[in-house]
Undergrad: 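Structure provided below as C-alpha cells; questions to follow.
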Amino acid sequence: MAETSIIPIKGNDLFFTLDNKKIYHATSHQLSLNNDYEEYETKDTTGKVQVLSGHTGTASCESMVCVVGSTTTDLDTSALVDAWKAGTELELSLVIGSKAYKAPAWIESVQINSPVAQRATCSVSFKLGELSDTKVS
C-alpha cells in the first residue's frame with residue numbers, strides 16, 4: 001500500500017495572480033466555489049431530484065494600498081481600480097500543489113480603507129467564470 005504524506009500549505013505560499021501579475025502587497029486571499037443545482041419533480045421520481053446545473057465562484061483579496069506604477073509583474077491599487085472602472089475581464093489563477101486553477105474574473109467592487117495613522121488597505125471582490133484546472137509542469 002502506498003504511503004501518503006500530508007503537506008500543509010502556508011498562507012504565504014498560496015496567492016492569486018491576475019493576468020499573470022501578482023496583486024501588489026496582498027495580505028489575504030479568499031476563494032469561494034459553489035455548485036448550482038436545478039431541482040425538478042416528475043411523476044416518475046420519488047420526491048424532488050437535484051441535478052448539477054453549473055458552477056459559480058467569487059474571490060476576494062485584501063492588500064495594502066500601494067502605487068508603484070504597475071510594473072510588468074505586479075498590479076498595484078490604481079491598476080485594480082482602472083480594471084474595475086473599465087469592466088476588464090481578467091484571468092485569475094491559483095496554484096495548489098501540482099494543480100493550477102484558472103477562471104475569467106471581473107472586479108465587482110473595490111473598497112479602500114484609510115484610518116488615521118495606519119496603513120491604508122484595499123479590499124477587492126471578483127466574480128468568477130468557469131473554473132478550469134491543469135497540471136503544473
Undergrad: Which heavy atom of H29 sits nearest a heavy atom of F16, and at what distance?
TA: CD2-CD1, 3.2 Å

Undergrad: Hey, what do you get for CG (L31) to CD1 (I96), rounding to the nearest 0.5 Å?
TA: 7.5 Å

Undergrad: Check ring pair (Phe, Tyr, Trp, His ring centres under 6.0 Å) between H25 and all other residues, then give those that pass, not counting sequence neighbours.
TA: none

Undergrad: Once rounded to the nearest 0.5 Å, what's the spacing between atom NZ of K22 and atom OG1 of T17?
TA: 10.0 Å

Undergrad: As an exercise, state the distance from CD of Q111 to CD of E62, rounded to the nearest 0.5 Å.
TA: 8.5 Å

Undergrad: Might you point out which heavy atoms bring W106 and G87 nearest each other, and give the distance in Å?
TA: CD1-O, 3.9 Å

Undergrad: So which atom in I6 and which in P8 form the shortest heavy-atom distance, rounded to 0.1 Å?
TA: O-CD, 3.5 Å

Undergrad: Report yes or no: do L94 and I9 belong to one cluster of Ile/Leu/Val/Met/Phe/Trp/Tyr joined by side chain heavy-atom distances under 4.5 Å?
TA: yes

Undergrad: Are a donor atom and an acceptor atom from the side chains of S78 and D76 found within less than 3.5 Å of each other?
TA: yes

Undergrad: Quick test of your reading: applying salt bridge (charged side-chain N to carboxylate O under 4.0 Å, His left out), list the pairs with at least one residue in residues 97-108, sequence neighbours left out, ordered by first then second residue.
TA: E91-K102, K99-D133

Undergrad: What is the distance from atom CG of L75 to atom CG of D19, rounded to the nearest 0.5 Å?
TA: 7.0 Å

Undergrad: Return yes if some donor-acceptor pair links the side-chain N/O of S53 with the main-chain N/O of D36 below 3.5 Å, else return no.
TA: yes

Undergrad: Provide the closest heavy-atom pair for F126 versus I107 in the form atom of the first, atom of the second, distance.
TA: CE2-CG1, 3.5 Å

Undergrad: Quick check: closest heavy atoms across T77 and M64, and the distance to 0.1 Å?
TA: OG1-O, 3.9 Å

Undergrad: Of the non-hydrogen atoms in S63 and A26, which two are nearest, and what is the gap between them?
TA: CB-CA, 3.5 Å

Undergrad: Looking at V81, V65, I23, N113, which one forms a side-chain contact (heavy atoms from CB on, under 4.5 Å) with C122?
TA: V65

Undergrad: Test L90 against L92 for side chain to side chain contact (heavy atoms under 4.5 Å, CB included), laying out the working first.
TA: CA-CA 6 Å; L90 302 165; L92 181 131; over 6 Å; no

Undergrad: What do the steps show when you test K21 against D74 for side chain to side chain contact (heavy atoms under 4.5 Å, CB included), and what is the final call?
TA: CA-CA 5 Å; K21 296 179 181 182; D74 298 312; 5.8 Å; no

Undergrad: If only atom types and distance count, is the side chain of S32 paired as donor or acceptor with the main-chain N or O of T58 below 3.5 Å?
TA: no

Undergrad: Tell me if a side-chain donor or acceptor on S125 pairs with a main-chain N or O of S60 at a distance below 3.5 Å.
TA: no

Undergrad: Between OG of S123 and CD1 of I112, what distance do you get to the nearest 0.5 Å?
TA: 9.5 Å

Undergrad: Supply the atom-to-atom distance N34 CG to T56 OG1, rounded to the nearest 0.5 angstrom.
TA: 4.5 Å

Undergrad: Determine whether L128 and L52 fall in the same hydrophobic cluster, where Ile, Leu, Val, Met, Phe, Trp and Tyr are linked whenever their side-chain heavy atoms lie under 4.5 Å apart.
TA: no

